[in-house]
Amino acid sequence: DTGVSQDPRHKITKRGQNVTFRCDPISEHNRLYWYRQTLGQGPEFLTYFQNEAQLEKSRLLSDRFSAERPKGSFSTLEIQRTEQGDSAMYLCASSIDGLAVGETQYFGPGTRLLVL
Amino acid sequence: QKEVEQDPGPLSVPEGAIVSLNCTYSNSAFQYFMWYRQYSRKGPELLMYTYSSGNKEDGRFTAQVDKSSKYISLFIRDSQPSDSATYLCAMSLNNDMRFGAGTRLTVKP
């Protein structure tokens, strides 16, 4: 296990369709994060998991978005009824739970979504 | 005012130049400071990580944090064309991480 992996790397869909992305974190990392990044901007936090528990959600995460991490390992991010404004790079990151040493997050390659 | 401000550039320098990248922030509670490098259409890659004021050096890279001024910097010595990328500053408090918009750097041979 050499890093965070994401699948698919690219997704083109039509407006109104549902899409699902998968993230596999670094194996010993128990925290998993989802971010969205648009062109010319830094990543924006969406949500994060501590093991299988979803502990925080950004106000950016509308009710069309849902994330799961059922066994505390991989995670999925689903977008229902996609809109053109959902077009972005969706990044996953993971870290070890270590408040004493701070948050060092390692990112995956991202899933680039284009909604037509 | 954004919590983290970063000049988006673009910044273009000749090979071998010293590059200085900077961010300012408004939340004095931020505890940890990071620099990420992001190549086009790739995920961010962690370059440097610090948690106190002062300098931290790693090869050609030096990260500097001045908490009193709420200002962080990344210096790249002897810049190479392979350093051409977008550099993102990031800072966190517990589980809350905020990123700058990124500075696009081009190092010309």
Side-chain angles (χ1 to χ4, degrees), chain A residues 2-7 9-10 21 23-26 29-50 53-60 88-114, chain B residues 2-11 21-27 29-53 56 58 63 65 67 72 74 85-105:
Chain A
T2 57
V4 179
S5 62
Q6 291 186 245
D7 183 70
R9 295 292 307 277
H10 305 276
F21 310 140
C23 170
D24 288 86
I26 295 171
H29 286 186
N30 49 18
R31 287 189 178 173
L32 187 149
Y33 304 78
W34 284 100
Y35 290 85
R36 181 175 68 187
Q37 186 177 25
T38 53
L39 196 63
Q41 298 298 317
E44 296 175 294
F45 169 79
L46 291 177
T47 188
Y48 98 95
F49 292 84
Q50 172 85 18
Q54 188 173 16
L55 296 187
E56 189 172 341
K57 291 193 288 186
S58 162
R59 67 182 185 279
L60 294 175
M89 171 88 93
Y90 290 84
L91 291 161
C92 176
S94 70
S95 71
I96 292 175
D97 176 13
L99 290 178
V101 298
E103 290 283 313
T104 304
Q105 297 182 20
Y106 297 87
F107 283 82
T111 295
R112 185 170 293 276
L113 172 66
L114 177 61
Chain B
K2 291 183 179 179
E3 275 191 292
V4 181
E5 297 277 1
Q6 183 176 11
D7 186 341
L11 181 62
L21 303 167
N22 311 293
C23 286
T24 58
Y25 61 96
S26 57
N27 188 348
F30 285 131
Q31 297 172 311
Y32 306 103
F33 304 90
M34 289 138 285
W35 285 95
Y36 286 83
R37 177 175 62 196
Q38 187 172 25
Y39 292 111
S40 181
R41 300 183 179 275
K42 304 287 186 183
E45 170 195 8
L46 181 66
L47 274 180
M48 301 285 285
Y49 164 83
T50 60
Y51 59 88
S52 60
S53 283
K56 181 177 181 180
D58 184 2
V65 174
K67 287 188 175 182
I72 68 171
L74 178 71
T86 296
Y87 290 81
L88 297 156
C89 65
M91 44 207 75
S92 73
L93 170 63
N94 296 327
N95 308 310
D96 200 357
M97 181 176 280
R98 294 284 185 264
F99 285 84
T103 300
R104 178 184 285 185
L105 170 67

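Chain identifiers are assigned alphabetically (A, B, ...) following the order of the sequence lines, protein sequences preceding nucleic acid strands; residue numbering begins at 1 within each chain.
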Centroid-centroid under 6.0 Å between Tyr36(B) and Tyr35(A) rings: no
Selection from Glu45(B), Gln31(B), Gln38(B) maximising heavy-atom pairs under 4.5 Å formed with chain A: Gln38(B)
Lys57(A) atom NZ, over 12 foreign heavy atoms within 6.0 Å: no
Shortest non-hydrogen contact from Arg41(B) toward Arg9(A): O-NH2, 3.9 Å
Pro43(A) to Leu88(B) - nearest heavy-atom pair and separation: CD-CD1, 4.1 Å
Candidate pair Phe99(B) and Phe107(A), rule ring pair (Phe, Tyr, Trp, His ring centres under 6.0 Å), full reasoning: CA-CA 13 Å; Phe99(B) 285 84; Phe107(A) 283 82; 5.8 Å; yes
Chain A contact via Pro8(B) - which portion, at a heavy-atom distance below 4.5 Å: neither
Arg104(B), CZ atom: more than 12 neighbouring heavy atoms under 6.0 Å: no
Distance, nearest 0.5 Å, that separates CE of Met97(B) from CD of Glu44(A): 14.5 Å
Atom group of Gln6(A) that falls short of 4.5 Å from chain B, counting heavy atoms: neither
